[in-house]
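Shown next, in structure tokens, is the structure this report addresses.
Residue numbers run from 1 in the order of the sequence given. All ligand and atom numbering here is 1-based and tracks the order in the structure.
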Amino acid sequence: MKVVKFGGSSLASAEQIKKVFQIIKSDADRRLVVVSAPGKRFKDDEKVTDMLIALGEQALNNQDYSAQFQHVLERYAQMVTDLQIEEPVLEDIKENLHTLITSDMSQPSYFMDALKASGEDNNAKLIAAYFRKEGLPAVYVNPKDAGLFVSDEPGNANVLPISYENLKKLRNYKEIVVFPGFFGYTLDGKLVTFSRGGSDITGAIVAKGVRALLYENFTDVDGICVANPNIVKNAIQLEHLTYREMRELSYAGFSVVHDEALQPAFSEGIPVRVKNTNNPTAAGTLITKSVPKSVHTVSGIASMPSFTTVYIEKYLMNREVGFWSRALKICDELDISYEYMPSGIDDITILIRDNQLSPEKSAILLQRLKYELNADEVRFKDPICLVMIVGEGMVESVGTLARAANAFANANVNVQMVNQGSSEVSIIFGIAPQDEHRAVRALYKEFFEQ
Ligand code: ASP
């Protein structure tokens, strides 16, 4: 049994849904279909999820939302017409949207989550109806009925372990199951969503629940490139990589699959294949626990453009027990998550993602670090870009760092920081943001063109 997940661009129009139908029909093992909300049909189009967010905000702000309501409905209406679905799907969608938008707003985050999730929920109903119309027995299954339970964190839920046992029952359906991605229910019955892009998470959870043979994640690219194709034109594609490599690369900005999504599939050892709805016969990229020895030492190059750097200096810092933990406690208390902390003998630099800081928080952070740590100097340094090389092939191999350093030197890129975990699966370089593209291209040339 294969679990197949389709992203928003694969389901954005009737034309795309027809392709999805052919993909499901062509392989009898594809029995569980997890779907996103309709995404963008063209570059400047809107995703239905974003349209629903705008709709919800208008309602919360007491504005007239009737035009936006109609706007959302038209996306589905167009598909229902083009797919010639005879079942009263559109009427159901309209009624559902009306119920949601007029529901209790006293807890805005739950109100918004229910509205956002309707993007996938209604799309799943529509797709199941279309499959039936085409003569393929299919059934829509709601996450509540399937027992997909999640933590009570609106917009950022986590799956509860009990779900896996419940989802096993999805194996028993004779029909193709069409399952909406992106949300689950708390134990007391409230609908909450995962983080944005979270249909990938549902796909992996369902794959683990039914112990799938394979989790296929269909998107709009032929597979995962070794470097960002917007930076390196015609970058080669990865045929096969490991869970660990994928985790590192998606953390560092490879956005083909959701950052944390694949963990459930990984923990169960389920192979994942990223494929293209618009070119389904292409092999795509396979992700498994281990790979046969690769010809490349490095499997991918990623970059994360902008981090705030907080520099702290104190003479004899190395002798002061608990200095680091006090610095990090201040971050904790301000609810600031930090990413890296390269250090010298008497100095540390804390790297923080820009989205963690507001001007007010930054000012408080600086002040508290200076006074509570009695530091000689605390200041923000210029922002830093992190470039990362990833590859299981680097483990216990000699000379990778030298090759990277050489590539940077030849491209005239100054390296301000280097970080390698003892797993040796990735090395991170801190450079000036304006050098990002030059640095990535230099590494690509060194590791993939030589
Ligand atoms: N529709 C949701 C979003 O746009 C989830 C997803 O597509 O995976 O974030």
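Formation of a donor-acceptor pair under 3.5 Å by the Thr309 side chain with backbone atoms of Lys381 is found in this model.
Using a 4.5 Å cut-off on side-chain heavy atoms (C-beta onward), Arg31 and Glu175 make no contact.
Summarising the geometry, atom CG belonging to Leu170 is positioned 12.0 Å from atom NZ belonging to Lys168; distances are rounded to the nearest 0.5 Å. From Met394, atom CE reaches atom CD of Glu392 across 9.0 Å, with rounding to the nearest 0.5 Å. Going from atom CG of Leu100 over to atom CG of Asn96 covers 4.5 Å, rounded to the nearest 0.5 Å.
Summary of contacts: the protein heavy atom closest to atom 7 (O) of ligand 1 is Ser36 OG, 3.2 Å. Atom 2 (C) of ligand 1 has Thr49 OG1, 3.5 Å as its closest protein atom, hydrogens excluded (heavy atom only). Looking only at heavy atoms of the protein, atom 4 (O) of ligand 1 is closest to Arg196 NH2, 3.0 Å. With hydrogens left out, the protein atom closest to atom 6 (C) of ligand 1 is Ser199 OG, 3.4 Å, a heavy atom.
Side chain to side chain, Gln16 and Asn278 meet the donor-acceptor criterion of an N or O pair below 3.5 Å.
The closest approach between any non-hydrogen atom of Gly198 and ligand 1 is below 4.0 Å. Distances shorter than 4.0 angstrom do not occur between any heavy atom of Gly8 and any atom of ligand 1.
The two atoms that bring Tyr140 and Asp121 nearest to each other are OH-OD1, 2.5 Å, heavy atoms only.
Of the polar atoms of Phe182, none of the N or O atoms is found under 3.5 Å from an N or O of ligand 1, judged by distance alone. For Lys47, a nitrogen or oxygen atom sits less than 3.5 Å from a nitrogen or oxygen atom of ligand 1, counting backbone and side chain alike. Here's the thing with Lys5: none of its N/O atoms is less than 3.5 angstrom from an N/O atom of ligand 1.
No part of Lys116 comes within 4.0 Å of ligand 1, judged by heavy-atom distances.
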